[in-house]
Structures are given as structure tokens and as C-alpha cells.
There are 2 protein chains.
Amino acid sequence: MKKLDESLLLRLPPFSQLSRAQIRKILDQAQTKRLDEGGSFFSEGEEATRFYLLLDGHIRVIKTTPAGDQIIVLHIAAGQLFGIAAALGHSLYPATAQAAAESLALSWPMPLLQEFSAIYQGFATENYKVVGARMQEMQSRISEMATQQVEQRVATALLRLTNQAGRKTDEGIEIDFPITRQDISEMTGTTLHTVSRLLSGWEKQGIILSTRKRIVIVEAHQLVRISDNLT
Amino acid sequence: MKKLDESLLLRLPPFSQLSRAQIRKILDQAQTKRLDEGGSFFSEGEEATRFYLLLDGHIRVIKTTPAGDQIIVLHIAAGQLFGIAAALGHSLYPATAQAAAESLALSWPMPLLQEFSAIYQGFATENYKVVGARMQEMQSRISEMATQQVEQRVATALLRLTNQAGRKTDEGIEIDFPITRQDISEMTGTTLHTVSRLLSGWEKQGIILSTRKRIVIVEAHQLVRISDNLT
DNA sequence: ACACGTCTTTGCGCCCCGACAAACAGCGAG
DNA sequence: CTCGCTGTTTGTCGGGGCGCAAAGACGTGT
């Protein structure tokens with residue numbers, strides 16, 4: 001309900017064409033939730049009662065297989081809606097939304113999702129675009145997993161992360177939230193050992209810089225070359 | 001425009017709650033397209049001008065990687081809508097829709113997609129359900145590719161196919177359209193050689209029967225066991 | 001300052017599965 | 001009937017990357 005939030009929302013795609021009054025009305029119905037790294041907004045299998053908008057931070061969406069291993073399905077950056085699967089006919093959250101860094105989100109009761117879509121021009125179409133973009137990303141990842149080698153997949157994953165959460169520094173582009181080799185292995189379907197070996201190699205070649213939980217891409221074009229398998 | 005089509009449509013989810021008159025109006029605006037095995041309704045990258053409803057046959061949705069290998073993203077069974085990605089903000093078809101068997105489909109100009117959604121109760125929600133189901137399937141496949149061995153993935157793929165296109169025979173459940181080892185390898189991200197070896201092994205064990213382009217699952221529970229890695 | 005937990009690195013051996021090659025079987029065309 | 005194309009089988013070989021194990025680096029809390 002702070003003024004801060006109002007102007008913030010105005011800049012976000014789902015709400016960009018609304019009036020101040022409309023924004024305030026929407027905000028009145030929202031809850032704020034702040035989580036430390038590692039906390040979950042909701043978990044796979046829970047009843048999908050609310051949908052969310054990430055104001056700040058980063059979220060990883062995790063699925064756990066019957067066998068018990070976790071894999072990271074996608075990442076969500078600030079400004080994006082999440083937990084909207086119910087609009088697609090699911091009554092349960094299909095995955096877990098976990099904070100990859102300290103995160104702040106607004107949430108609304110699920111029935112308002114339909115209401116917002118019906119009432120506010122642009123909200124629905126923005127919704128679809130989010131879904132469409134995610135479907136494309138998932139398709140790409142299926143292709144990658146099917147055809148690419150581990151080395152290429154890891155390179156691709158890093159590039160994707162820089163696109164979604166890259167922050168320019170004087171050394172290169174830094175991935176703007178804490179991320180471990182384990183995380184990357186869960187994104188690419190390999191082991192943290194292999195990821196560690198690859199990153200070490202790349203660091204020796206000056207392609208990246210890396211400290212604990214932090215990765216900076218120095219020569220992105222080299223990663224592109226690797227992900228395209230031009231050896 | 002045949003009577004056949006009218007009653008057929010009435011039974012399909014997207015149109016199940018419509019009146020005869022509404023159905024006729026919808027049909028008047030539709031084109032019919034029949035394709036032999038191997039033909040394409042549309043191709044990846046083309047401008048998305050029409051959306052489709054599969055009346056009969058089976059379709060495989062293919063993506064080609066920059067490197068040139070094809071992978072089968074998903075299969076579409078009779079009664080399902082396809083080519084509706086434009087509703088999600090894409091102006092180009094994101095993949096190729098190829099007939100896996102002789103197929104018959106209706107199609108409408110893309111603008112009618114919004115119109116149908118707006119006018120006809122149930123059409124829009126049915127649409128979402130299709131999208132939701134496909135997203136879940138894609139998520140599952142990402143998990144599988146990330147965590148499962150090739151043998152498990154192939155078993156899972158066969159089970160999925162029997163669910164989507166299984167036809168009961170006296171020998172077991174038959175996959176109801178022509179499918180090659182190559183196809184299966186493109187679904188599971190492996191080579192046709194490995195698939196051939198696996199299927200041969202399973203046939204020796206009496207789990208499946210297989211002739212050229214035809215697969216019959218005899219002991220589905222054994223496949224479930226394999227896909228769950230209970231060796 | 002110290003101890004502890006988390007994250008990371010590195011080595012080694014094995015096995016799955018991809019690459020290559022060659023032959024066979026089924027089906028349609030002429 | 002025979003040819004040719006497409007799909008399938010089977011063998012051998014080699015390597016990428018996973019499992020296992022252990023130690024090292026970094027950050028944190030007390």
C-alpha cells in the first residue's frame with residue numbers, strides 16, 4: 001500500500017495501461033510476502049489458492065521427481081507473474097516456487113485472476129504472453145536436452161541466466177542472484193561435479209569468473225561458440 | 001459441412017455445449033484439409049494464419065534445432081485443437097505439425113480464435129486446459145530427460161503413447177498410428193540404434209510385440225516397472 | 001579467533017550409449 | 001517377379017560423464 005508500490009506496478013506490463021485508481025483498487029486486495037533465500041511461496045501439490053507477482057528478487061521453480069531428485073524447471077525474474085497455472089485448469093500448484101535470493105511478492109486470491117483478466121484490458125493478454133514465453137523456453141530446453149552435450153547445455157544455461165538476470169559490471173555480466181553448481185546441474189540435468197569441472201575449465205580460459213555462489217561471464221561470445229558446438 | 005461433421009463436433013470438448021445452429025455457423029467458416037502421412041499442416045517459422053482442430057488421424061509436432069536435428073515435441077490425438085500458439089503472443093508457428101498417419105482437420109482464420117473464445121462459453125476454458133495439459137507434459141519430459149536413463153525414457157514414451165493413442169487388441173494395446181524407431185528416438189533424445197536394441201530386448205521378454213511401424217504393448221506393467229527404474 | 005557447515009574442487013574407474021558399419025526384412029512400383 | 005527404398009537388426013569400439021570418495025576453500029555464527 002505504499003506509494004512506492006503504486007508507481008512500481010504502473011511500470012509492470014500486466015498493469016501498465018491502468019489508471020491510478022484502478023491500481024489502488026488492485027493493491028487493496030493484495031497481500032505482501034517477503035522471503036529469505038530458500039523460502040517457498042508455495043509448494044508442488046498444494047491447492048492453488050493465490051497467484052503472485054514478483055516485485056523484487058529471483059525465484060526458481062522446482063519440480064521433484066517420483067524418484068526424489070529435484071530439477072529446476074524455470075527461473076522467474078522481478079516483474080513477472082507466477083503461480084497462474086490454475087488459469088490453465090489446474091487446481092494444484094504443479095511445482096514449487098522457491099526464493100533464489102531474498103524476494104518480495106504480491107499475491108491475490110485465485111478467483112481474482114479471472115476477474116482481472118475480464119475487467120482490465122491488457123492483463124489477460126499479458127498473461128498469455130507469459131505463458132507463451134514459458135512454453136517456448138520449455139520447448140527449447142527439451143530440444144537442448146535431447147540433442148546437446150552436457151558442455152553445450154551448461155553454456156546455454158549460463159547464457160539464458162545472463163539474459164534473464166544479467167547485471168553489467170566492469171568485469172563482465174554478472175548473474176544477479178546466488179547460484180550454486182548444484183543449481184546449474186539441476187537446470188541442465190547433470191551432476192554438480194561435472195558442472196564444477198566445466199566452470200573451472202572455463203575460468204582457466206578466462207571465459208568466466210567465479211567465486212562461491214557468484215558467476216560473472218567475461219566472454220559471452222565464447223560461451224555462444226561452445227553452446228553452438230563450434231568447439 | 002456434412003452432417004457427419006456436425007455431430008462429430010458436438011462430441012468434442014471445445015464445442016460440447018453449443019447449439020446446432022452455433023455449430024453450423026462455426027462450420028461454415030471452416031476449411032477442411034486432408035493430408036497423407038508425412039504431409040504438414042504448417043511449418044515452423046511460417047506466419048500463424050490459421051488454427052486447427054484434428055478430426056481424425058494423428059499429428060506429431062516437430063522442432064528442428066539450429067544444428068539440424070529434429071525432435072518430436074509432442075503428439076496430438078483426434079479431437080484436439082492445435083496451432084493455437086498465436087493466442088499466446090506468437091505471430092509465427094513455433095513448430096511443424098506433421099501427419100503421423102492420414103489425417104483430417106478443420107481450420108479457421110486465426111482472428112476467429114479470439115472471437116470464438118469471447119462468444120462461446122467453454123471454448124476459451126477448453127483452450128486453456130489444452131495449453132495447461134501440454135505444459136505439464138512438457139515439464140514432465142524435461143524432468144525425465146534430466147533424471148532418467150535412456151531405457152526408462154523409452155519405456156515412459158511408449159506408455160505415454162499408449163495413453164494418447166492406445167487401441168485395445170486381443171494381443172494387448174496397440175499404438176494406433178505408424179511409428180518408427182527413429183520417431184521414438186526423436187521423442188526420447190537418443191538414437192534409433194539404441195531404441196532398436198531396447199525394443200528387441202523387450203520383445204524377447206514378451207513385454208511388447210513389434211513389426212515394421214507397429215508396436216503392441218503386451219505387458220504394460222512391466223514397462224511401468226522399467227520406467228520407474230525398479231529394474 | 002575458532003569451529004562448523006556449506007560449497008567447491010579434483011581424482012579414478014566404470015559403464016552406458018553414441019558413432020560407424022554392414023546386412024537383413026518388408027513393402028510398393030514397375 | 002524383381003528391383004529399390006525404407007525401416008530394422010546386430011556387432012564392435014571408444015569416450016563422455018556419472019558415481020564414489022576425499023580434501024580443500026569460503027563464509028558464518030558464537
Side-chain angles (χ1 to χ4, degrees), chain A residues 36-38 60 65 67-71 100-102 144-155 157-158 175 177-205 208-216 226 229 231, chain B residues 36-38 60 65 67-72 98 100-102 144-155 157-158 175 177-205 208-216 226 229 231:
Chain A
D36 288 328
E37 179 179 345
R60 49 172 171 254
T65 69
D69 358 50
Q70 294 189 338
I71 72 122
E102 185 183 3
E144 287 161 18
M145 309 267 294
T147 64
Q148 295 186 338
Q149 312 263 67
V150 168
E151 184 177 17
Q152 299 174 56
R153 296 210 300 270
V154 174
L158 284 188
I175 294 172
F177 59 90
I179 185 164
T180 68
R181 323 280 148 152
Q182 173 89 24
D183 289 334
I184 298 178
S185 75
E186 286 175 6
M187 296 174 57
T188 52
T190 179
T191 62
L192 80 161
H193 309 275
T194 301
V195 173
S196 178
R197 273 179 250 272
L198 286 172
L199 294 196
S200 300
W202 290 342
E203 186 156 18
K204 278 203 188 75
Q205 297 173 46
I208 65 169
L209 289 174
S210 167
T211 63
R212 165 177 265 241
K213 286 192 169 195
R214 248 177 103 261
I215 298 176
V216 182
I226 293 172
N229 197 20
T231 313
Chain B
D36 287 327
E37 179 180 346
R60 51 173 168 252
T65 69
D69 1 47
Q70 294 189 338
I71 71 122
I72 297 180
Q98 189 182 61
E102 185 182 5
E144 288 160 20
M145 309 265 294
T147 63
Q148 294 186 338
Q149 313 262 69
V150 168
E151 184 177 16
Q152 301 173 56
R153 296 209 300 269
V154 174
L158 284 189
I175 294 172
F177 59 89
I179 185 163
T180 68
R181 326 279 149 153
Q182 173 87 23
D183 289 335
I184 298 178
S185 75
E186 286 175 7
M187 296 173 59
T188 53
T190 180
T191 63
L192 81 160
H193 308 276
T194 302
V195 173
S196 177
R197 271 179 250 272
L198 287 173
L199 295 196
S200 300
W202 291 342
E203 187 157 18
K204 278 204 188 74
Q205 297 173 47
I208 65 169
L209 289 176
S210 167
T211 63
R212 165 177 264 239
K213 286 192 170 192
R214 247 178 104 260
I215 299 176
V216 182
I226 293 172
N229 197 20
T231 313

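Quick note on labels: first sequence line is chain A, next is B, and so on, each numbered from 1. The figures that follow rest on heavy atoms only: side chains count, while hydrogens, waters and symmetry mates do not.
Listed by residue number, the members of residues 191-202 of chain A with any heavy atom below 4.0 angstrom from DNA chain C are A:Leu192, A:His193, A:Ser196, A:Arg197, A:Ser200.
A:Glu186 has its CD atom 13 Å from the P atom of D:dC18, to the nearest Å. Distance, A:Asp69 CG to D:dC18 P: 13 Å, rounded to whole Å. D:dG17 atom C1' lies 14 Å from atom CD of A:Gln152, rounded to whole Å. A straight line from CD1 of B:Ile208 to P of D:dT8 spans 11 Å, rounded to a whole angstrom. One interatomic measurement links the two molecules: CG of A:Asn229 to C1' of D:dG16, which rounds to 13 Å at whole-angstrom precision. Regarding A:Lys213, its NZ atom lies at a distance of 11 Å from the P atom of D:dG27, rounded to whole Å. If you measure from atom CD of B:Gln148 to atom P of D:dG17, you get 19 Å, rounded to the nearest angstrom. Summarising the geometry, the separation between CD on B:Glu151 and P on C:dC17 is reported as 8 Å, rounded to the nearest angstrom.
Not counting sequence neighbours, B:Arg197 has no partner by the salt bridge (charged side-chain N to carboxylate O under 4.0 Å, His left out) test. In terms of the side chain to side chain donor-acceptor pair (under 3.5 Å) criterion, B:Ser196 has no residue partners (sequence neighbours excluded). The salt bridge (charged side-chain N to carboxylate O under 4.0 Å, His left out) check on B:Glu144 picks up B:Arg160, with sequence neighbours excluded.
Here the straight-line distance linking atom CD of B:Gln182 with atom OG1 of B:Thr191 works out to 9.0 Å at 0.5 Å rounding. The CD1 atom of B:Ile184 sits 10.0 Å away from atom CG of B:Leu198, with the distance rounded to the nearest 0.5 Å. Atom CD1 of residue A:Ile208 and atom CD1 of residue A:Ile175 lie 8.5 Å apart, to the nearest 0.5 angstrom. Atom CG of B:Leu209 and atom CH2 of B:Trp202 lie 14.0 Å apart (nearest 0.5 Å).
Backbone-only contact: B:Thr190 has heavy atoms under 4.0 Å from sugar-phosphate atoms and none from a base. The residue A:Ser210 sits apart from the nucleic acid: no heavy atom pair falls under 4.0 Å.
Closest to the side chain of B:Gln149, from the set D:dC18, C:dC17, C:dC7, is C:dC17.
Side-chain polar atoms of A:Ser200 and A:Arg181 form no donor-acceptor pair below 3.5 angstrom.
Judged by atom type and distance alone, B:Arg212 reaches the base of D:dT6 through a side-chain donor-acceptor pair under 3.5 Å.
Applying the salt bridge (charged side-chain N to carboxylate O under 4.0 Å, His left out) rule to pairs touching residues 182-192 of chain B yields B:Arg60-B:Asp183, sequence neighbours excluded.
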Collect all protein-nucleotide pairs involving nucleotides 28-30 of chain D in which both atoms are nitrogen or oxygen and the distance is under 3.5 Å.
none

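Remark: A:Arg181 is not in phosphate contact with C:dC7, judged by side-chain N or O atoms under 4.0 Å from OP1 or OP2.
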